[in-house]
Amino acid sequence: MVSVFSLSKNALTALAFAVLAQGIAIPEGLDIAQGLDRRSPGFVSLDFNVVRKPLKVNSTVAHSKDGKRQYVPLSLIDEGGSYASQISVGSNKQPQTVVIDTGSSDLWVVDINAECHNNVTCKSHGTFDPKESLTWHSLGTQFSIEYGDQSTSEGTWGKDTVGFGGISITGQQFADVNSTSVAQGILGIGLDTLQASTTSYPNVPVTLKNQGIISKNAYSLYLNEPGSSTGTIIFGGVDHAKYYGNLIYEEVTLLTRLTIALMRIIYDGTTYDNSAGNVLLDSGTTLSYLSPDLVNQIANRAGAYWVQPLHGGGHYQIDCDANLPGDFVFNFALGAKISVPSSELIYKNDDGKCLFGLQPESGGEVLGDNFLRHAYLLYDLDDLTVGIAQVKYTSESNISAV
Ligand SMILES: *[C@@H]1O[C@H](CO)[C@@H](O)[C@H](O)[C@H]1NC(C)=O
Ligand SMILES: *[C@@H]1O[C@H](CO)[C@@H](O)[C@H](O)[C@H]1NC(C)=O
Ligand SMILES: *[C@@H]1O[C@H](CO)[C@@H](O)[C@H](O)[C@H]1NC(C)=O
Ligand SMILES: *[C@@H]1O[C@H](CO)[C@@H](O)[C@H](O)[C@H]1NC(C)=O
């Protein structure tokens, strides 16, 4: 979902599901008393659970409340997936299950007395009671964010200890939210240009670097096989066992988002040109959204058909048993090539109908999970590059710090 890497909240999905990350234990972390004395290997690995809900086909409009906040334009479909991990906040390590979002940049958690709006059960994934933490320091300033799907959160900025994956960072700025229409807290790990704060501050990945836990604001993302319910994000590290060949480093083309340039897609012997269009890599967006020109051509070739609801909008559907030949090969500006099996272009929704995996979007192109899970990605926010290689699904690992 975008305000995206939605691991993206760009189109934040309302995640109404019960206990997400059960079974993910918070690894025994550093005690606060121990501080950062124990040396980190230079990376922090964080497993997440994939949370899915049916896609709601509809039209939404992206907007933000003030000029400072910039959101990735919205897809036409209310997205179905998100990634949730366990973190802890406060001196007494109050557990929270939060959505990891590359499409936004702020961390916020749900206050114990928060009001949940729009029928979300916002307090079922952990709450924060600042009074129970000896290290909470309120900044007294108001936090307010609106995501691409129009869900909102409001609360107060403060600082406290945040722990996950066996480490903890101190004095991290985040928001204690007392009113939200989002189903759970969010850990935004995007560029600081996306922060919902008038003054820029070190967000979680930057603090990891500032406090010496990682040496670069970079993280790699492994979404795992289609249908898998878990994946891994490694802050400051890369798992060489999980890709074929070499990572090819593509430049980030828009500074406010994590976009790279998609040159063309090759499918069934035909080359479809994308003119180096900027595509956002958004985990959290289920399908992919490309320029209408390109998508119309590919959809026609694949036998997908346009469905136009009465209220406007529209989307491509495809027969669920369509037999599409071969792979779609995505070619990027600096040479990265990722093959996506055509089965990924048939997305079976809960209503029994199938959505075509590429949908037209003129407001901002997004490569979502159906692309991303075939790539191993290293987002480098310091160098503004994204390393990409064809993913290798394996439980083996060979992680080194970047
Ligand atoms: C979804 O479509 C319905 C009409 O079918 C419309 O009333 C509603 O406002 C739409 N929701 C959004 C978020 O656009
Ligand atoms: C919340 O749930 C109630 C009862 O099911 C329903 O009437 C109401 O429309 C819902 N509100 C929203 C914002 O979805
Ligand atoms: C939330 O916090 C703000 C700022 O502290 C306050 O003005 C507001 O009344 C609070 N809202 C609720 C629902 O507690
Ligand atoms: C781990 O990855 C590094 C870097 O690619 C490589 O040099 C090394 O041989 C790998 N180790 C194993 C055991 O595969």
Side-chain angles (χ1 to χ4, degrees), residues 5 7 24-25 27-30 36 38-50 83 85 100 102 164-167 189-191 204-206 208-253 258-263 279 281-283 327 329-341 367 369 371-402:
F5 167 18
L7 288 189
I24 298 188
E28 276 313 306
L30 298 178
L36 300 166
R38 223 189 286 174
R39 215 167 293 140
S40 151
F43 58 84
V44 183
S45 189
L46 184 60
D47 291 336
F48 51 76
N49 273 10
V50 180
Y83 301 83
S85 285
I100 303 176
T102 51
F164 58 86
I167 58 90
I189 58 173
L191 293 163
V204 167
V206 175
L208 286 170
K209 178 180 159 184
N210 291 349
Q211 298 190 4
I213 290 165
I214 61 179
S215 56
K216 231 178 175 189
N217 183 358
Y219 37 80
S220 51
L221 181 68
Y222 175 68
L223 293 188
N224 216 328
E225 314 180 46
S228 168
S229 62
T230 60
T232 308
I233 184 163
I234 303 171
F235 293 94
V238 59
D239 187 346
H240 304 288
K242 292 203 167 54
Y243 59 87
Y244 292 100
N246 297 312
L247 289 168
I248 306 287
Y249 292 87
E250 296 286 334
E251 280 169 20
V252 170
T253 48
L258 297 168
T259 62
I260 61 175
L262 175 65
M263 304 305 289
V279 292
L281 302 171
D282 183 22
S283 63
D327 288 352
V329 182
F330 291 71
N331 290 246
F332 296 90
L334 300 181
K337 279 190 185 129
I338 301 295
S339 290
V340 174
L367 292 177
D369 287 1
F371 168 85
L372 292 175
R373 66 178 62 262
H374 297 280
Y376 189 82
L377 297 141
L378 172 61
Y379 295 83
D380 187 328
L381 277 54
D382 281 348
D383 290 354
L384 294 172
T385 60
V386 181
I388 313 186
Q390 191 78 34
V391 74
K392 186 192 279 184
Y393 300 126
T394 174
S395 55
E396 283 169 30
S397 72
N398 173 14
I399 305 175
S400 64
V402 294

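Counting starts at 1 for both ligands and their atoms, following the listed order.
- Protein residues with a heavy atom under 4.0 Å from ligand 4 are His240, Asn398.
- Inspection of the Asn49 and Ser229 side chains reveals no N or O donor paired with an N or O acceptor under 3.5 Å.
- Between Glu250 and Ala261 the shortest heavy-atom distance is OE1-O, 4.5 Å.
- Across every non-hydrogen atom of Tyr376 and Leu221, the tightest pair is CD1-O, 3.8 Å.
- Nearest heavy-atom pair across Pro205 and Tyr219 is CG-CE2, 4.3 Å.
- What you find for Pro226 and Tyr393 is that their closest heavy atoms are CD-OH, 3.7 Å.
- Judged by distance alone, the side chain of Ser220 and the main-chain N or O of Gly237 form a donor-acceptor pair under 3.5 Å.
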